[in-house]
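Quick caveat, the model's predicted, so the values are computed rather than measured. Basis for what follows: all heavy atoms, side chains included, without hydrogens, waters or symmetry-related copies.
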Amino acid sequence: MIPTAAGGAASLVQSVDWIALAPPLLTALVALVVLVADLFLPVARKPLLGWLATGGLALAGLSLLPLVGGGRRTFCVGGGDVCSYVADPFALVIQFLVLAGALLTALLSIDTVKDGGLPAGEYWFLLLSSASGAALLPASRDLATLVLALEVASLPAFALVGLRRGDRLSSEAALKFFLSSVASTAVMLLGVSFLYAATGSLHLTRVAHGLAHLPDPRLATLASAGVALTLVGFAFKTAAAPFHFWVPDTYVGAPLPIAAYLSVIGKAVGFSGLILVTVKGFPAYAHVWGPVLAVLAALTMTVGNVAALRQDPARGHSAVRLLAWSSVGQAGYLLVPIAAAAYADAPGRAIGSTVAYALMYAAVNLGAFAVAALVARTSPANRLTDYRGLAARRPLVALALGFFLLCLAGLPPGVIGLFAKVTVFAAAVDAGLGWLAVVMAVNVVIALYYYLRWTAVLFRGAPEEAADGASVDVTAGGALAVRPAPARIPAPLAVALTLATVLGVALSGAPQLVLRFAAGTLL
């Protein structure tokens, strides 16, 4: 017999708030609809699945509107004080980032799936499944739900990376991604089990209380090991050095839209989980995770930027490799405010800096990958040298990519990038981490070189034009290589590129909007 609250005991039957669950739930339902529809649609009509998936993501994004300002929660125990799912401002902002990023990824994918011969049903089902897990994670408030959401977001991504059957790079990338992620999950689960043994609970609020009042020194040792192992697991997920080794090969081997998805949505998942476990679950161990994250931030940004600086422009896939190493460097910047939260009286303010930076990074990085996907249509090797003279062939596209690169570098007219970096600097300085601010300043200067070098390539003298409008390049060996004339940009790709550009320009015109938006994420 189940005891009831009226009888003096807490009810074991939990009510479900379906409105609060709508964003991840709708995404998962559309994934199932796509999978079933794929069984009945003829091959000629498979492209409809892409538009169905895109519409489902848009609907899931709209389902966030009834949740704004509501603070809804569900799966609660203890009279509703302790809940496993909370739709608070932090969760809503990250869910917006995830669903908007997944929507742009879907637009980038429509022509990639059709032209690349990828299995449409599997592709869209996996993408939507991963997005549903990513949308679930920021609202998770217990370690079990958090790990489950993390794996729901990660497992379909393995298959997406390796979906190009028969491609050696794709298979190798999927294997590296899978092995590193499985190792990180195993380490994280071990840490979670230690924390449960030490505190007797998986809910973050109860874990925080338990860690602050451990009665036995032996339990304190166990809890310290649990905190350390959990942080190591998330270091893999966020691509923090030295756990970043899977990133470059994974991005190169994956279809370009999936590389874009991992660079933005993968980071949102990893960093939102890291924020929750540190700020909400481990405040009593801030003296441990604060210095660790500060060192990881310095190491990650340095490794990423130095590696990006050393990319050979003539090497195959050098443009994607540069974006991959740049992604590692940007992960270091995102870690700075989280480390600062350990030293701040109001950690939520520092977390707002990370969220603001993540919103900026998502818009401009997806835009950069959209241009890379466009260039790859005529130059599959996607070398940095393939972008030479892009301003002459596609002036608007070159201007958009130049703007995205300047945003990532933090230079005008990419004001939003400059604004985001200043907020991160301020978080480090306010927390007394002056040495970390100096390391970040040095890395920003290093990054300026390779971002500006790529920007300069766009406007460098265009290759000679052949009689039919094709570009003629001279290779290193002196032979002539003919690059096809620019074709019409596919409509979905054009929409994705336009949305990213408009968002970046609008935010650069009013950067305070991002900070106000992120300020609502105070935990």
Side-chain angles (χ1 to χ4, degrees), residues 82 84 86 90 137-138 140-151 154 180-244 267 269-300 331-332 334-345 347-348 350-351 354 431 433 436 523:
V82 180
S84 294
V86 179
F90 173 80
L137 189 139
S140 303
R141 292 299 182 272
D142 72 65
L143 291 171
T145 308
L146 195 149
V147 173
L148 177 65
L150 194 61
E151 291 312 297
S154 299
S180 63
S181 188
V182 167
S184 69
T185 301
V187 171
M188 188 185 305
L189 285 174
L190 183 60
V192 168
S193 66
F194 285 176
L195 291 169
Y196 178 71
T199 63
S201 178
L202 290 173
H203 288 92
L204 292 175
T205 52
R206 290 183 174 176
V207 168
H209 181 269
L211 292 177
H213 302 87
L214 292 173
D216 191 328
R218 291 173 295 181
L219 290 180
T221 302
L222 189 65
S224 299
V227 169
L229 291 173
T230 305
L231 290 179
V232 169
F234 276 105
F236 273 99
K237 301 297 185 182
T238 57
F243 311 106
H244 66 289
K267 274 190 174 48
V269 168
F271 279 99
S272 58
L274 183 62
I275 288 169
L276 288 173
V277 296
T278 53
V279 178
K280 296 286 286 185
F282 308 154
Y285 280 75
H287 62 285
V288 175
W289 57 260
V292 169
L293 292 183
V295 172
L296 283 179
L299 182 61
T300 302
L334 287 164
L335 281 170
V336 171
I338 305 177
Y343 303 89
D345 295 330
I351 296 307
T354 289
L433 295 172
L436 185 56
L523 289 169

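- A 4.5 Å side-chain heavy-atom check between Thr205 and Arg141 finds every atom pair outside the cut-off.
- Side-chain contact between Phe271 and Pro138 is absent, with no heavy-atom pair separated by less than 4.5 Å.
- Side-chain contact check for Thr238 versus Leu334: every heavy-atom pair is 4.5 Å or farther apart.
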| task | Apply side-chain contact (heavy atoms from CB on, under 4.5 Å) to the pair Tyr196 and Leu143, showing each step before the final yes or no. | result | CA-CA 9 Å; Tyr196 178 71; Leu143 291 171; over 6 Å; no

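- The closest donor-acceptor contact from the side chain of Ser184 to the backbone of Ser181 lies under 3.5 Å.
- Closest heavy-atom contact between Leu222 and Ala197: CD2-CB, 3.7 Å.
- One finds the CG atom of Leu195 at 9.0 Å from the CG atom of Leu202 (value rounded to the nearest 0.5 Å).
- Across all their heavy atoms, Leu296 and Ala235 have their closest contact at CD1-CB, 4.4 Å.
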| task | Please test Met188 against Val147 for side-chain contact (heavy atoms from CB on, under 4.5 Å), starting from the C-alpha separation and ending with a verdict. | result | CA-CA 8 Å; Met188 188 185 305; Val147 173; 4.1 Å; yes

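- Rounded to the nearest 0.5 Å, atoms CG (Leu299) and NE2 (His244) are 8.0 Å apart.
- The shortest side-chain heavy-atom distance between Val192 and Leu146 does not fall under the 4.5 Å cut-off.
- Residue Ala341 comes nearest to Ile351 through the heavy atom pair CB-CD1, 4.1 Å, listed as atom of the first residue, atom of the second, then distance.
- Closest of all the heavy-atom pairs between Ala198 and Leu219 is CB-O, 3.9 Å.
- Using a 4.5 Å heavy-atom threshold, the side chains of Arg206 and Val82 count as touching.
- If you take CD on Glu151 and CG on Leu189, they are separated by 7.0 Å, rounding to the nearest 0.5 Å.
- To the nearest 0.5 Å, atoms CG (Leu211) and NE2 (His213) are separated by 10.5 Å.
- Between Ile275 and Phe90, the closest side-chain pair of non-hydrogen atoms falls below 4.5 Å.
- Atom-to-atom distance recorded for Tyr285:OH and Ser224:OG is 3.5 Å, nearest 0.5 angstrom.
- To the nearest 0.5 angstrom, Phe234 atom CZ is 10.5 Å from Ile338 atom CD1.
- For Trp289 (side chain) and Phe282 (main-chain N/O), a donor-acceptor pair under 3.5 Å exists by modelled atom type.
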| Check against side-chain contact (heavy atoms from CB on, under 4.5 Å), Val295 and Leu436 | CA-CA 8 Å; Val295 172; Leu436 185 56; over 6 Å; no

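- Closest of all the heavy-atom pairs between Ser272 and Leu137 is OG-CD2, 3.1 Å.
- Side chain of Ser140 to main chain of Asp142: no donor-acceptor pair is present (N/O by atom type, distance under 3.5 Å, no hydrogens or angles).
- Across all their heavy atoms, Gly270 and Lys237 have their closest contact at CA-CB, 4.3 Å.
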